[in-house]
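A quick write-up on the structure given underneath.
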Amino acid sequence: MADMALDLPADTAPAPFFGDNRTAALIEDLAARGWAHAENALPEALTHALRLRLQTLDAEDALKPAAIGRGDSQVRAAAIRRTQIRWLEGKDPAERAFLDGCEALRREINRTLFAGLFEFEAHFARYPAGGHYARHLDAFADRPRDRVVSLVAWLNRDWQAGDGGELDLWPGPDDTGPPVATLAPRGGDLLLMMSETIPHAVRETVTPRLGLAGWFRINPGVGGVLDPAG
Ligand code: OGA
Ligand code: MN
């Protein structure tokens, strides 16, 4: 299938994924309870283009097993996390459009919450059938306040109950009761979470599951080197 053309305005500040009111409501939820969920957040053409891009990367064998932690602490622990990833580089138009939308969101979060987020990084993720990600927090214990806000966007076409891969989330790190929300990984839906305080998990998938996970960060790096081991 041919790549879908994305009309990208040149030389303008990146446009957010959706209108001002929706963006404001999303950021308000994030500030009030630590997470925010938006259905049909990505434009359909962008969801489609990103899905094609991820499928192409998969066909080219460009996805790699995900690790846990960074640098020396990386362990390929399939018991905790079984998924394949590739970091976004932004040369591909769909990747670029997604990163631009996230950049607009970053500015808006900073403007309203004085969060001081300075950059965004993201990877595609494909969970094979039987893939999962056990309950975890996204912020690394050895690099506090590095990842501040997490963003997840799903790319599954026609997700059905029974396909598995729902995302469970809990209101705080010490909450061990049932999850407060169980979200279907529907194509185009978006989730924001505070990286240090919202535990979440991906239930075992029945069919392969496509998406993106990204992080807004504040730490300018160690010794002036951005992400030395990453
Ligand atoms: C992650 C993560 C959730 C998802 O990559 O840290 O929690 O739905 N992903 O893919
Ligand atoms: Mn996570």
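What you are looking at is a predicted structure, and each value in this text was computed from that prediction instead of being measured. Start at 1 with the first residue, then count along the sequence. Remember, it's 1-based here, ligands and their atoms both numbered in the order they're listed.
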Determine whether the side chain, the backbone, both or neither of Leu191 has a heavy atom under 4.0 Å from any heavy atom of ligand 1.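 Under 4.0 Å from ligand 1, Leu191 contributes no heavy atoms.
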Checking contacts here: is it the side chain or the backbone of Thr83 that comes within 4.0 Å of ligand 1, counting heavy atoms only? Could be both or neither.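 Neither part.
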A side-chain contact here means heavy atoms from C-beta on lying under 4.5 Å apart; do [X] and [Y] qualify?
X	Y	answer
Asn156	Arg209	yes
Pro208	Pro128	no
Val202	Tyr127	yes

Just verifying a value: how many Å separate Glu89 CD and Leu99 CG, rounded to the nearest 0.5 Å?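 Between Glu89 CD and Leu99 CG, I get 10.5 Å after rounding to 0.5 Å.
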Check Asp138 and report its N/O/S atom nearest to the Mn ion (ligand 2), by atom name.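 Looking at Asp138, the N, O or S atom with the least distance to the Mn ion (ligand 2) is OD1.
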Asp100 and Arg96: CA distance, side-chain angles, deciding distance, salt bridge (charged side-chain N to carboxylate O under 4.0 Å, His left out) verdict: CA-CA 6 Å; Asp100 284 351; Arg96 182 75 265 149; 3.3 Å; yes
Below 4.0 angstrom from a heavy atom of [X], which ligand 1 atoms are there? Numbered from 1 as shown, please.
X	answer
Leu167	3 (C), 8 (O)
Asp138	6 (O)
Ala213	5 (O)
Val202	3 (C), 4 (C), 8 (O)
Val152	4 (C), 8 (O)

Nearest to atom 9 (N) of ligand 1, what protein heavy atom do you find, and at what distance?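 Looking only at protein heavy atoms, the one closest to atom 9 (N) of ligand 1 is Tyr127 OH, 3.6 Å.
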Residue, atom name and distance, where the atom is the protein heavy atom closest to atom 1 (C) of ligand 1: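 For this ligand atom, the closest protein heavy atom is Tyr133 CE1, 3.6 Å.
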Stepwise salt bridge (charged side-chain N to carboxylate O under 4.0 Å, His left out) check, Glu60 with Arg86: CA-CA 12 Å; Glu60 289 171 353; Arg86 181 180 160 285; over 6 Å; no
Just to verify, which of Leu191, Val152, Asp168, Asp189 counts as forming a side-chain contact (heavy atoms from CB on, under 4.5 Å) with Leu183?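 Testing Leu183 for a side-chain contact (heavy atoms from CB on, under 4.5 Å) against Leu191, Val152, Asp168, Asp189 leaves exactly one candidate, Leu191.
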[X] N/O under 3.5 Å from ligand 1 N/O:
X	value
His123	no
Arg209	yes
Trp215	no

Rounded to 10°, how many degrees is the angle NE2/His200-the Mn ion (ligand 2)-NE2/His136?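 Result: 90°, to 10°.
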Relative to the ring of Trp215, is the ring of Trp87 parallel (under 30°), tilted (30 to 60°) or perpendicular (over 60°)?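 Tilted, since the angle between the ring planes falls between 30° and 60°.
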Could you tell me whether the side chains of Asp138 and His200 share a donor-acceptor contact shorter than 3.5 Å?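 Yes, side-chain donor-acceptor contact under 3.5 Å.
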